[in-house]
Each structure stands twice: as C-alpha cells, then as structure tokens.
Amino acid sequence: MYLWVQLDQNVRAKNSHGQLTTTNSLNDKMYFENIKRMHDEMNFDGGFKLEKVTTTNGKKLSYTVNETMMRIELPKPLKTGQSFSFKIKYLYNINDRMKIGGRSGYEYFEEEDNSIYTIAQFFPRMAVYNEVEGWQNKQFLGRGEFALPFGDYKVSITVPSDHIVAATGELKNPNSVLSKKQIKRWEKAKNNYTDPVIIVTQDEAEKNEKEKSKKKKTWVFEAKNVRDFGWASSRKFIWDAMAVDISGKKVMAYSYYPKEGNPLWEQYSTRVVAHSLEVYSKYTIDYIYPQATSVHAKRIGMEYPMICFNFGRPEKDGTYSERTKYRMIGVIIHEIGHNFFPMIVNSDERQWTWMDEGLCSFVQYLTEQEFERNFPSRRGPPKNMIEYMKGDKSGIVPIMTNSESILQFGNNAYGKPATALNILRETVMGRELFDYAFKTYSQRWAFKHPTPADFFRTMEDASAVDLDWFWRGWFYTNDHVDISLDQVNWFKANTGNPDIENPIAKNKEDNSNTYIGDTRNQSSISKTVTEKNEKSVDFYTTYDPFETNILDRKDYENYLNSLNDEEKEILKSNKNYYELHFSNIGGLVMPIILEFEYLDGTSEVVRIPAEIWKSNSEKIKKIFILDKELTNIKLDPFLETADVDMNNNYWPPRTEPTRFQLFKQREWNQQNPMQREKKVKEILEQE
Ligand SMILES: [Zn+2]
C-alpha cells in the first residue's frame with residue numbers, strides 16, 4: 001500500500017510542530033544567549049526541500065508529507081519477501097549548531113574561516129515497520145529520538161579536497177583521499193593494540209586549515225547492518241587510531257579532533273574508545289562492527305552507529321580542569337556505549353528514552369569504574385540520585401513516560417534507570433544473576449526491536465528473580481526509597497525459675513525511676529518517724545515481694561516437669577529476641593539491609609529480600625533471635641538503596657545535622673537552582 005519515510009530535518013522548518021509546541025516564558029532577567037537563539041531559530045530556513053520522489057527508473061511516485069513523516073504510495077502492495085526501490089532528490093540548509101543547537105550541524109571558527117561539520121539525520125530515513133505497532137511513525141518533535149530499521153549503506157561524500165572525513169562504516173577508497181604516508185601510518189595503527197598511532201598529524205591539519213582548496217574529493221564509505229549513518233568533515237581534523245581485540249576479532253578505534261581539542265584528545269579519546277568497546281562487549285555482546293569513532297564536537301554528545309560526536313575542549317592555552325577531563329572521558333564512554341544501546345539492541349527511542357540512555361548510562365558507570373578506580377561517575381551510585389528522588393513530586397514523572405513528556409530529562413531517563421540497574425545488580429539480584437540476565441537481554445534482542453516488557457521479562461526469565469515489584473515501583477511510579485527503623489523492642493524469655501527471675505525483677509525495680517508522689521511521701525514519713533519512734537518503721541519494710549519462698553520453687557519444679565526436652569532447651573538458651581518495626585515512608589518497597597553491632601564489639605550484616613513487604617507495603621515487624629546483645633543497628637549501612645533520609649535508619653536513633661547555606665538576597669537570586677539547571681541544560685543539550 002504505502003511506505004513511511006522520516007523527514008527529521010523538517011523539525012527545523014518554519015512552523016513545524018516541534019517549534020509550535022515548544023513552551024517557553026520570559027523573566028525580568030534573560031540571557032542574551034537565549035533570546036538570540038529564539039531569533040535565530042525563527043529565522044533559519046530549515047527543513048528538507050524535496051525535488052523528486054521517483055522509482056529507480058524515474059517514474060514519479062505520489063507522496064504526502066505530514067510534518068516529519070512522508071507517506072509514499074506504492075504502485076502495488078508489497079508481499080512478504082518482496083522489495084521496492086525508490087529515489088528521493090532533496091536538499092536542506094545545514095544549521096549552525098552554536099547558534100540554534102542541534103544534534104547535527106556545524107561549528108564555525110571565525111578567526112580562521114573554517115568549520116567542523118558533524119552531520120546526521122541528513123537523509124530521508126525509513127520508518128520502522130514491526131510486529132508490535134505496525135508502522136512506527138510518531139512525529140519527531142525534537143526530543144524523542146529515533147526509531148530506525150537496520151540496513152546496508154554505501155555513501156559517497158564529496159567535500160573540499162583538504163577535508164578529512166569520518167563516517168559510519170569503512171572507508172572504501174583510501175588511495176584516492178589519503179596520502180601514501182597517511183595510509184602507511186594507518187596500516188601501522190591496524191597492528192598497534194597498545195597506543196594510538198597518528199594518521200593525520202596536527203601539522204598536516206594546520207596546513208589543511210590554511211589551504212582552503214577549491215578542488216574536491218569523494219570519500220566512499222560502506223556499512224552493513226546499521227540502523228543509521230552519520231559523518232563528520234573538516235579541514236581541521238587530526239586523526240588517530242589503534243586496534244582493539246574483541247574476542248579475537250580486530251576492531252579499530254578512531255578519533256578525529258581539531259588542534260583546539262589538544263592536548264586532551266590525543267591523550268585520551270582513542271584509548272577511551274578502545275576501553276569502552278572492551279567493557280561494553282564484556283557486559284553486553286561482542287562489538288560486531290569494524291570500527292568505532294569519536295569526533296570532537298563542542299557542547300554535544302551524540303551517537304550514531306560506529307561514530308559519535310563528543311564535547312570536551314581545553315582552554316585556549318591548552319590547560320583544562322579535572323572536571324573538563326572527566327566529563328570528556330565520561331561522554332566518550334557514553335556515546336561509544338550507544339553503539340550497543342540503541343544501535344545494536346535497537347529499542348524505540350521515540351517512545352522510551354530510558355531504554356537506550358538508561359541502559360547505556362548504567363554500563364557507562366561500570367566502564368568508568370574500570371577505567372580508573374573511584375572515577376567521579378555522575379550517574380550510577382544510588383546516593384547520587386537521592387536529591388532528585390526526594391524532590392518535589394510535581395516535577396518528577398515515572399521513568400515509563402514518553403520521551404517528549406519527561407521532566408528533568410537527565411535524572412529521569414539517564415540517572416534513575418542507571419541507579420535502578422545498579423541496585424538490581426548489587427542489592428536485589430547479586431552480580432552473578434544480574435550480569436547473566438543483562439547479557440542475555442543484550443544477546444537476545446541484538447538486531448531486533450525490544451519493548452520495555454521485553455527487557456523486564458528477560459531480566460526475570462534469565463535469573464528466576466521475580467522483579468515485578470521492582471519494575472512497578474522504580475519504572476511506573478515517582479515514589480522514592482525511605483525506609484524507617486521506627487522501633488526496636490528487646491525481649492528475653494522468662495526462665496520461670498524464681499531464683500533467677502526474682503533478683504532480676506528486684507534489680508529492675510531498684511533501678512527504675514520513682515514516682516514523684518512516692519518520693520515526697522517517703523521524705524514526709526521519715527520526718528514523722530524520726531519525730532515519733534524509729535521501731536515502728538519495721539512494720540513497713542519487712543515485706544519483700546521479691547523474696548523466693550518454698551512454694552515458688554515448688555511451682556517452678558512442676559512447670560519444668562510439664563515441659564519436654566526441646567522446650568526445656570529453649571527455656572535454657574537465654575536468647576535475645578529483638579522485635580524491629582519498619583515503615584515504608586517513601587513508597588518504594590526495597591530489600592532491608594541491616595548491620596547489627598553487638599555488645600562484644602563484633603558485627604554482622606543481615607540481608608532481607610524485598611518480599612518482606614509482600615503482605616503489607618507500609619508497616620512491618622520482624623523478630624531477630626540473637627545470641628548476643630545489640631548495641632547498634634544500622635539500616636542500609638552501605639548506601640545501596642538510595643534511601644533519601646538516613647536520620648531514621650539508626651537504633652539507637654542518630655540525627656546528623658543538615659547544613660543550610662546563608663546567602664545575601666542578591667547572591668541567592670544568582671544561585672537559584674532552577675535557573676542554574678536551565679543554563680546547564682542549554683549548554684550541554686542532549687547526550
Ligand atoms: Zn546518551
């Protein structure tokens with residue numbers, strides 16, 4: 001009947017639904033940057049200009065464009081296994097990323113009149129047709145990314161002859177675009193598994209920058225079984241490479257960057273690419289493509305098959321902060337990781353951001369920690385999610401929210417799912433069961449289109465751990481974790497032996513506080529007694545209720561005789577019975593992890609599965625039978641559940657002071673967290 005083709009560039013067309021449905025507001029104080037961007041977006045002549053849609057032999061096809069989707073009528077319905085080829089002639093204006101943003105576009109370097117082009121969504125792409133929803137033709141509004149089928153590509157890119165081009169796939173005509181020297185270096189890199197080899201040097205790049213050739217060259221790339229195609233081109237590119245061994249198969253790690261990226265990029269980028277391929281392969285599936293490329297692109301982190309665009313630029317003088325360095329390493333790991341989610345495990349990004357971003361961020365955390373011990377990972381550790389999860393619920397939506405409607409994008413679709421998976425791995429399932437199930441999901445759904453339920457089911461299917469409660473709480477609600485240890489009651493069995501119990505009772509009585517009336521009576525009696533006759537006092541004090549007499553002992557003997565051996569054993573055991581009361585304040589049921597500290601200085605950790613909440617998800621009690629006396633109990637002692645309030649996690653109760661900050665009025669305005677977040681978001685855009 002018809003085919004659906006995606007016209008993503010139309011999101012930049014005048015009056016696109018993406019623009020019309022963007023909500024915004026003005027404040028008394030606005031950044032120039034924001035206003036300028038609004039103007040530039042309004043004035044940009046974007047969108048695909050379609051010239052022709054025809055069959056391969058030039059016959060016109062009838063088509064309808066609805067915003068970012070185009071329906072092409074087929075001359076006759078396609079039967080299973082049949083194919084249909086068609087041609088689209090089109091053009092579009094490339095956007096200046098620094099002015100109006102975008103995952104694709106160019107960065108212009110004014111002082112030298114050169115640009116770095118990072119190009120994607122540049123051609124009409126096929127929509128997915130699958131067995132779950134038929135055609136996936138949900139409109140592109142700008143945030144919910146892409147749903148794409150796999151295909152084989154052969155792409156010829158004609159650029160000025162002094163440009164260096166990076167792209168999805170393998171370069172098929174190196175002899176016509178690279179110098180003999182460069183090809184030789186490339187050959188050397190193919191056998192170098194330890195350090196990157198520079199193929200296009202900084203000197204050569206700086207020469208290219210000045211040359212501004214009017215001649216052209218065509219670079220030809222081929223890629224098999226990829227869901228998309230992206231590329232980058234510039235005279236400014238330095239190129240380095242090294243080989244990586246993935247289960248005995250050679251994969252090339254590449255980086256392309258301008259001199260502005262150095263010294264950071266030549267030192268880290270390619271090494272990080274290689275490391276990421278190794279670690280992601282270990283936890284998911286072996287990387288199957290021939291290469292993986294990291295391209296320097298100011299401000300953004302954005303992924304395509306075999307190629308990604310990454311931020312991280314030192315100051316003009318080449319110095320950089322630790323923050324810049326780690327953020328750059330982090331973004332390269334993340335974007336290379338997207339080769340696995342969603343480029344291979346091909347989830348629908350238009351619907352579910354977490355299925356690629358969340359899973360990718362989770363393995364990113366593992367990869368960062370294997371790159372460097374105590375790498376300052378932003379996402380992964382449960383404690384990093386606490387501020388978000390305990391926040392105002394009107395600003396928090398469940399993870400299972402369509403991409404366009406997500407609030408607090410980074411926390412919702414990256415941070416929270418990464419933390420959730422980390423909790424499954426460390427706390428709920430354990431590393432062995434989790435890693436096996438996660439790998440199973442990756443293998444089972446590689447080169448397919450998994451839905452959320454496919455992920456949820458596979459994790460249970462491969463582990464025999466019932467996780468329904470976990471998906472429900474963490475993915476379908478905006479609840480948080482706050483489990484409180486409300487009360488601890490200590491019991492010991494009464495031995496029934498009056499020679500033991502009476503002294504205990506007496507001791508308790510002697511050590512208990514005294515009623516104020518008794519104290520006052522006592523002192524007035526003593527006064528009276530002294531005044532009258534001391535002997536009369538004996539009358540009041542001869543009776544001792546704790547004294548053991550022969551009848552008490554007889555009773556005890558009868559009691560003992562009534563018991564069998566097992567019961568006698570229990571009576572003798574002298575165990576401590578601790579009854580612990582817990583309440584679930586945050587709403588998320590979770591395992592209960594307790595650390596018991598004993599009077600003798602030893603300690604013990606007890607782990608209780610979340611099923612403890614199975615018949616009451618709000619309040620529960622549990623008895624612990626212990627040989628030794630407790631001095632302290634800690635709930636979640638290793639900070640593994642993202643419990644947002646630790647004040648109710650201790651017995652005896654312990655309160656940590658919260659430090660509040662003092663600001664003068666004006667400074668506070670500048671520090672307003674909402675404004676700061678907005679600004680940071682604008683700077684970082686999407687990863
Ligand atoms: Zn991402």
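From a predicted model like this one, the values you see are computed outputs, not experimental measurements. Below, each value reflects all heavy atoms present in this structure, side chains not excepted, and no hydrogens, waters or symmetry copies. Ligands are counted one by one from 1 in listed order, and the atoms in each one are counted from 1 as well.
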Colleague: Is any N, O or S atom of Cys360 under 2.8 Å away from the Zn ion (ligand 1)?
Modeller: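 No.
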Colleague: Tell me whether the rings of Tyr117 and Tyr106 are parallel (<30°), tilted (30 to 60°) or perpendicular (>60°).
Modeller: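 Rings of Tyr117 and Tyr106: tilted, as their planes differ by 30° to 60°.
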Colleague: May I ask you to decide if Gln121's main-chain N or O and Arg125's side chain share a donor-acceptor pair within less than 3.5 Å?
Modeller: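 Not confirmed, Arg125 side chain does not pair with Gln121 backbone.
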Colleague: Within 2.8 Å of the Zn ion (ligand 1), is there any N, O or S atom belonging to Glu303?
Modeller: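 Coordinating: no.
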Colleague: Please confirm whether Lys416 makes a cation-pi placement over Tyr388, using NZ or CZ under 6.0 Å from the six-membered ring centre and within 45° of the ring normal.
Modeller: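 Negative - Lys416 is either too far from the ring of Tyr388 or too far off its axis.
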Colleague: What does the angle at the Zn ion (ligand 1) come to, between atom OE2 of Glu357 and atom NE2 of His334, rounded to 10°?
Modeller: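 Between OE2 of Glu357 and NE2 of His334, at the Zn ion (ligand 1), the angle is about 150°.
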Colleague: Look at Asp8 together with Arg350 and state whether they make a salt bridge at an N to O cut-off of under 4.0 Å.
Modeller: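 Answer for the salt bridge query: yes.
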